[in-house]
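Heads up, the thing below is written out as structure tokens.
The chain is numbered in sequence order, starting from 1. Just so we're clear, the structure is a prediction, and the values are computed from it rather than from any experiment.
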Amino acid sequence: RLIEPSWFRLAHERIKSPAMLRNGGQLCPLCIAEDECGDPQYGPYQRDIWQVAAFRRCRKHGVAFERPQFDCRHSEVHDFLQVLKTWSPAAIMHIGSDVTALEDYLLQRIRQGRGSDWIDRQAFHVVWVVSETLGLLLTEGSKAKLHEQDAGTLIRAGAAGFDVLRAGPDRIRAVLTAIRDDAGAD
């Protein structure tokens, strides 16, 4: 729910609006298929976690979320059932559970609140964006563009960046210094 301009609260976590997908969001094609096969009285529904951009895979099914292109009027993008009418599933991308440390951490913050470590003092969206960006640099190189990556690449990058970020400022500095030195920069 909106708690102040540009900030939402989801369980125990305060999340800045750019970390929320407000126009249709994303979905798990396997969850939707299960919903459609379930009780017809209820049908498919959008899970709250699907609206958090930092989450890119379904924890239940281990597949990447889809961010469909919505072929509906602007006034309908918040109507999940209307969005589903024009959606057709893409190929399912399975994501291994060995690369979920970032998403596991962020979900824990939502469910249980922040801890007392250095990383817990960082804003939710900062942990997410820095982890993915640093991880993309480490895994794909300096020419990789965040917006051109698929969900699987971003999940792996997020896990790699999170491994550095959760170790704290000294580790971040050491990794960035090594990257600079390897590039031959002054």
I32, V63: one ILVMFWY side-chain cluster at the under-4.5 Å cut-off? no
Check for me, please, whether I15 and W128 land in the same ILVMFWY cluster - side-chain distances under 4.5 Å, paths through other members count. yes
Could you tell me which non-hydrogen atom of M93 sits nearest to which non-hydrogen atom of G152, and how far apart they are? SD-N, 3.4 Å
Suppose we screen for side-chain contact (heavy atoms from CB on, under 4.5 Å). Which residues come up paired with K16, at least two apart in sequence or across chains? S6, W7, P18, H125
Flag the pair R56 and E132 as a salt bridge only when some basic side-chain nitrogen lies within less than 4.0 angstrom of an acidic carboxylate oxygen. yes
So which of V127, V175, V126, L134 actually passes side chain to side chain contact (heavy atoms under 4.5 Å, CB included) with L165? V127
Checking E66 side chain against A90 main chain: does a donor-acceptor pair fall under 3.5 Å? yes
Connected via hydrophobic side-chain network under 4.5 Å: I95 and L106: no
Exactly one of L176, I172, V130 clears side chain to side chain contact (heavy atoms under 4.5 Å, CB included) with V164, and that residue is I172
Return yes if some donor-acceptor pair links the side-chain N/O of T139 with the main-chain N/O of G135 below 3.5 Å, else return no. yes
Interatomic spacing from CG in L84 to CG in L27 - rounded to 0.5 Å: 6.5 Å
Judged by atom type as modelled, is there a donor-acceptor pair below 3.5 Å linking the side chain of Q122 to the main-chain atoms of W118? yes
Write down the atom of A64, the atom of A151, and the distance for their closest heavy-atom approach. CB-CB, 3.8 Å
Nearest 0.5 Å, what's the CG-CG distance between L154 and L136? 6.5 Å
With no hydrogens and no angle check, just 3.5 Å: does a side-chain donor-acceptor pair link Q51 and Q46? yes
CD of E13 to CZ of R109: how many Å apart, nearest 0.5 Å? 4.0 Å
Take atom CZ of R9 as the centre, draw a 6.0 Å sphere, and report whether it contains more than 12 heavy atoms from other residues, nucleotides or ligands. yes
If I compare all heavy atoms of S116 with all of R121, which pair ends up nearest, and what's the gap? O-NH1, 3.6 Å
State plainly whether the residues R59 and E103 are in salt-bridge range, i.e. N to O under 4.0 Å. no
Path from L138 to V99 over hydrophobic side-chain contacts below 4.5 Å: no
Using every non-hydrogen atom in the two residues, find where R67 and A53 come nearest and quote the distance to one decimal. NH2-O, 2.9 Å
D120 side-chain N/O to D117 backbone N/O, donor-acceptor pair under 3.5 Å: yes
Check against salt bridge (charged side-chain N to carboxylate O under 4.0 Å, His left out), E4 and R14: CA-CA 10 Å; E4 61 185 86; R14 189 170 176 257; 3.2 Å; yes
Please identify each residue that fulfils side-chain contact (heavy atoms from CB on, under 4.5 Å) with V129, with sequence neighbours left out. T133
Quick check: do I179 and L137 have side-chain heavy atoms less than 4.5 Å from each other? yes
Supply the atom-to-atom distance D35 CG to C28 SG, rounded to the nearest 0.5 angstrom. 9.0 Å
If every non-hydrogen atom of A159 is compared with every non-hydrogen atom of L102, which pair is closest and at what distance? N-CB, 4.5 Å
Would a single hydrophobic cluster contain both I155 and V52, if residues Ile, Leu, Val, Met, Phe, Trp and Tyr are joined by side-chain heavy-atom contacts under 4.5 Å? no
Rounded to the nearest 0.5 Å, what separates atom CG in D98 from atom CZ in R156? 9.5 Å
Has Q26 got a side-chain atom pairing as donor or acceptor with W50's backbone, closer than 3.5 angstrom? yes
R57 charged N/C atom sitting above F55 aromatic ring, 6.0 Å / 45°: no
For the atom pair CZ (F124) and OH (Y105), what is the distance rounded to the nearest 0.5 Å? 9.5 Å
For D48 and L10, the nearest pair of non-hydrogen atoms, with its separation, is OD2-CD1, 3.7 Å
Output, in order, the C-alpha distance, side-chain angles, deciding distance and verdict of side-chain contact (heavy atoms from CB on, under 4.5 Å) for H12 and R114. CA-CA 8 Å; H12 295 282; R114 296 178 184 209; over 6 Å; no
